[in-house]
Number of protein chains: 2
Amino acid sequence: MSIRELAQHLNISIGTVSRALNGRSDVNPETRKRVFEAAAKFGYVPNQSGRSLRQGTTNAIGFMIEMNSETSLHGDTFFMSVFAGVQSVFKAHHLDLVVLLCPFDDDPYEHLRRVVSRRFVDGLFISATQRHDQRIDYLIEREIPFMALGRSLSGGSHPWIDLDFEGVATAAVDRLVARGHRRIGLVKPASELNLGYVFAEAYHAALVRHGIRPDPDLVVRADQTSEEGGYGAMGRLLALDERPSAVMLVNEIMAIGAYRRLHDAGLQAGRDVAVIGFRQSPQARFLSPTLTCFDVSLFDLGCRLATGLLATMPAYRDLYPVGLVQDIWPMTLVPGESDPPLLV
Amino acid sequence: MSIRELAQHLNISIGTVSRALNGRSDVNPETRKRVFEAAAKFGYVPNQSGRSLRQGTTNAIGFMIEMNSETSLHGDTFFMSVFAGVQSVFKAHHLDLVVLLCPFDDDPYEHLRRVVSRRFVDGLFISATQRHDQRIDYLIEREIPFMALGRSLSGGSHPWIDLDFEGVATAAVDRLVARGHRRIGLVKPASELNLGYVFAEAYHAALVRHGIRPDPDLVVRADQTSEEGGYGAMGRLLALDERPSAVMLVNEIMAIGAYRRLHDAGLQAGRDVAVIGFRQSPQARFLSPTLTCFDVSLFDLGCRLATGLLATMPAYRDLYPVGLVQDIWPMTLVPGESDPPLLV
DNA sequence: AAAGATGCCGTAAACGTTTACGATGACACA
DNA sequence: TGTGTCATCGTAAACGTTTACGGCATCTTT
C-alpha cells in the first residue's frame, strides 16, 4: 500500500495526502479527516526509505555498543536501563532507538564509518570511549550529531556524559584511609578505556592528599575486564612483598574473581583484605560479604543522554535549550560489609 | 558523495559505476578497478535509503525485544549472547542486526506493525512469544520473513526455536523424586508466556508418571517475573497447610527472592526446602547455596536462529538448505547444592 | 464591482539508487 | 562485404516520498 494507491482510493492527489498526514496547515480539515480514516482502514504507513530519501532523515537514532568479550560473555545489564531512559525521551518525537552491535572481531571505527556512510541513522550514541578515539574525530568531521558516553581526549566541544570516576575514586580512597588503610591497591581495567586513566589519576591524587606515597606496584592492570581478570589481578597484588590491606576495583565483575582469589589463598574479603567495587550491579549484588560499591541512576542517565543529543540536532534544538552537555554523572556510595575498618 | 559525483569524477555513467560496485559481470575489469579505487579514495558508500527504495530491501534484520519491567530493571544478560551468535552468521552476508526495543509501555503488537509497515528491516526475530500471539498471525499475513524465539499456538508452519522447557521440567521432577521428594511446588511466571504452559504441563505429566497426584495448590503464579515475584510466590507456598519439600522456579531471577523469603521464614534453601531454578544466569550464579539449574548455549542458539531465518528468505534460501526450523533447544543440568536428597 | 487576500489542492521535480533495454564497436566467420 | 556474436557502456525509468510552485475558487475590502 503506497501513498499513490491511497490517493487513488480517495480521488485526491498524492500531494494532498502527504500534506494531510504530515499535519500541514494548508489542507481542509474535512479532507484531512478522510485521509486519516482511509490510512487507518488500509493500514497505510509511509515507507521509510522513500521518506528518508526525500528528506535526508531516517527518524532513527543509533546506539552503538561493542560486543567485547566482557559484554558477550557476561551479558550486559548496564545498557538496558540506559536504553529505557533514552526511549522515554525519544517517544515524544517518534524517534526510534536502534541498537547497533559492533561484533567483537570488527574494528569499531570501521563499523561506525559504515553505519554513518550508509545514512542509517540521524544521530548516534557511542560508548566505551577510548582515551584517543578516532570515532569522535570522524563524527565531528562528518558533522554527524552524536553524544559520547564517556570522556576522551579526542575532539573538542562535542557533547558527552561521563560517570564520576574521579569522585568515586576519591571517595573510595577517603573512606579507606578513614578506616585506617594506607596500603591501597588499585586494579585498572584491561583496555585503553579512558575511565581507567581518570580513575588512576584521582586515586593517585587522593593518596598524595592524605600524605601517602603512591606505590606503583600497587596499581595493576587486569588482563581482561572480567571475573578471570579480577582473579589474576588480585593474585598479583597478593604476591607482593608487602601486600595491600585494601583493594579498589574499577569493574564490579572483577570483584567476583577477586573474592574467589582471596578465598583460594585462604583469605576472606572484608576480613583479611578490604575490597571496594565500582558500580553496583545485579551480578555482584549477592556476593558475600556484600560489596561496598557505588550506585548510578541509569534511567535518568539515559534521559540526559537523549536530551543532550537532541540539543545538538537542528530539528530539535529549540525544544531542548540545554546548551552543550558535558556532564559528570554523580554516583552514590552503597556501603557494604567488604571494607570494614582495619584492625591493628 | 553520491554515485553521481563519483561517476563524474571518473567520466563514466552512473549505471556503470553501480554495476561495477555491485559485481555485475558486464563491466570491464579495468574500469571496475578504477571505480573501486575512486570509491575508496572518496570514501563513497551507497546511500541505504536510495538502495532500499529501489530494490525493496534494507539489508537489516531486526531483533525485537520487549523492555518489560524484568528486562529494564534487572538488565538482560540473555540476549547479548544470542546476538553474538546471530551476528556471526550475518557477517558473511553483510546483513546488519539492529535491536528494536519495544518500550515497556507500548503494545508490542502495535510496535511491530509500525516497524514492519515502515519497511525498516527485511526480516525479524521476535521473542517472548505469547500463548496466542497476534504478532505471528500478522507477520504470516504480511509475508514478512521472521523467526520466533519461543513457541506459540498461533500461526502454523513458521520457524521457531524454543528452549526445552518440557525436558527441563521433566528432568527437574525426575531428579527431585529420585531424591525422595513427593510434594513439589511450581512457580509459574507472571505473564502469558507460552513457556509457562509448556512447563506446567510437563511438570504435571511427570508427577503423574511417578504416581504422584498433582495438587493444584502447589502451583502458584508469580505476580511479576522478578525477585519480588519469587519472594511472594514462595511465601504463598510456605503458607500452605502442608508445605512443599521442594520448589521449582521457572525463572532464575525469582530464585533470588525465593531464597530471601525462605531466609525470612527462618528456613534455608537446600536444607529445609529444595530449590531448582531454570536457566543458569550470571545474576543467580553466586547464590549460596549454589542453585541447581540448567545451562543453555546461547551463542549456538543465536547461530541457529540466524540460519533458520535466512532459510525462509528467498535471497538466501539456497545457501541454507535446512528446511523449516522448528527446534527444541536442549539444556543441560548444572547440579548445585540447593536440592539435596530429602532427609526422612 | 474591481482588486487583493486566503484557503485548498494538483503538478512535477527531486532525493540516490538499481536495472531493463538499447547502442556501439570489435571481432569472427562465411 | 555482410552478418552475427560478444563485451562494454550509456540512457532512462522506476522505487515512494516530500515540497516548492502555481492555479483556481472563495472571501474580504474598498
Side-chain angles (χ1 to χ4, degrees), chain A residues 1-36 38-39 42-60 94 114-122 142 314-315, chain B residues 1-36 38-39 42-60 94 114-122 142 314-315:
Chain A
M1 167 59 81
S2 74
I3 198 174
R4 203 179 315 269
E5 303 174 57
L6 189 63
Q8 279 173 356
H9 275 284
L10 288 163
N11 255 344
I12 54 180
S13 76
I14 62 173
T16 304
V17 173
S18 175
R19 278 191 297 267
L21 291 175
N22 289 18
R24 288 298 159 94
S25 61
D26 57 345
V27 50
N28 191 310
E30 172 63 25
T31 53
R32 186 194 305 277
K33 185 155 157 288
R34 281 179 56 220
V35 170
F36 267 102
F42 295 112
Y44 167 76
V45 176
N47 178 304
Q48 186 59 40
S49 299
R51 167 178 274 178
S52 299
L53 185 56
R54 169 61 216 229
Q55 54 187 15
T57 184
T58 65
N59 284 331
H94 297 284
R114 224 167 54 83
V115 168
V116 167
S117 300
R118 281 177 33 151
R119 306 227 162 259
F120 204 74
V121 293
D122 295 338
R142 294 287 304 259
Chain B
M1 167 60 78
S2 74
I3 198 174
R4 202 178 315 269
E5 303 174 57
L6 189 62
Q8 279 175 355
H9 275 284
L10 289 163
N11 255 344
I12 55 180
S13 76
I14 63 173
T16 303
V17 173
S18 175
R19 278 191 297 267
L21 290 175
N22 289 19
R24 289 297 156 92
S25 63
D26 56 345
V27 51
N28 191 312
E30 172 63 25
T31 54
R32 187 194 305 279
K33 185 157 157 285
R34 282 179 54 219
V35 170
F36 268 103
F42 294 113
Y44 168 77
V45 176
N47 178 303
Q48 186 59 38
S49 299
R51 166 179 273 178
S52 299
L53 185 57
R54 169 60 215 233
Q55 54 188 17
T57 184
T58 66
N59 284 331
H94 297 283
R114 223 168 54 83
V115 168
V116 167
S117 301
R118 281 178 30 153
R119 306 227 163 259
F120 204 74
V121 294
D122 294 338
R142 293 287 304 260

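Bear in mind the structure is a predicted one, so any value in this text is a computation, not a measurement. Chain letters run A, B, ... following the sequence lines, proteins first, then strands; residues in each count from 1.
In this structure, B:Pro46 and B:Arg19 both approach DNA chain C, and ranking their closest nucleotides by distance from the 5' end singles out B:Pro46.
Spacing between atom CD1 of A:Ile14 and atom P of D:dC15 amounts to 12 Å, rounded to whole angstrom units. Computed from coordinates, the A:Arg119 CZ to C:dG16 C1' distance equals 11 Å when rounded to whole Å. The interatomic distance linking A:Leu10 (CG) with C:dG10 (P) rounds to 10 Å, in whole Å. The CG-P distance, from B:Asn11 to D:dC9, rounds to 13 Å in whole Å. Distance CZ (B:Arg32) to P (D:dT8): 9 Å, rounded to an integer number of Å. One atom, CZ of B:Arg4, and another, P of C:dT18, lie 12 Å apart when rounded to the nearest Å. For the pair B:Leu53 CG and C:dC15 P, the computed distance is 14 Å after rounding to whole Å. Spacing between atom CD1 of B:Ile12 and atom P of D:dT8 amounts to 13 Å, rounded to whole angstrom units.
Taking only side-chain nitrogens and oxygens, B:Asn47 never comes nearer than 4.0 Å to OP1 or OP2 of C:dC15. Between A:Asn28 and C:dG7, a side-chain N or O to OP1/OP2 separation shorter than 4.0 Å is absent. Residue A:Gln55 places at least one side-chain N or O under 4.0 Å from the OP1 or OP2 atom of D:dT19. Under 4.0 angstrom from either OP1 or OP2 of D:dT18 there lies at least one side-chain N or O belonging to A:Arg51. Here B:Ser13 does not reach the OP1 or OP2 of D:dC9: none of its side-chain N or O atoms lies under 4.0 Å away. Contact annotation: B:Ser2 does not reach the phosphate of C:dG16 (side-chain N/O to OP1 or OP2, under 4.0 Å).
Residue B:Thr31 is classed as a sugar-phosphate contact, given heavy-atom separations below 4.0 Å to backbone atoms only. Among the atoms of the strands shown, base atoms are found under 4.0 Å from some heavy atom of B:Ser18. Within the nucleic acid shown, B:Asp26 comes within 4.0 Å of at least one base atom, counting heavy atoms only. Within 4.0 Å (heavy atoms only), A:Arg24 reaches sugar-phosphate atoms of the nucleic acid but no base atom.
Between B:Val115 and B:Val121, the closest heavy-atom pair is CG1-CG2, 4.3 Å.
A donor-acceptor contact under 3.5 Å is formed by the side chain of A:Arg54 with the base of D:dT18.
Residue A:Arg119 places its CZ atom among 12 or fewer non-hydrogen atoms of other residues, nucleotides or ligands, all under 6.0 Å distant.
Proximity of B:Asn59 to A:Arg118: side-chain heavy atoms (C-beta onward) are separated by under 4.5 Å at one or more points. Inter-residue side-chain proximity for B:Ile3 and B:Pro46 is flagged as unmet; no heavy-atom pair is nearer than 4.5 Å.
For B:Phe36 and B:Tyr44, the ring centers sit 6.0 Å or farther from each other.
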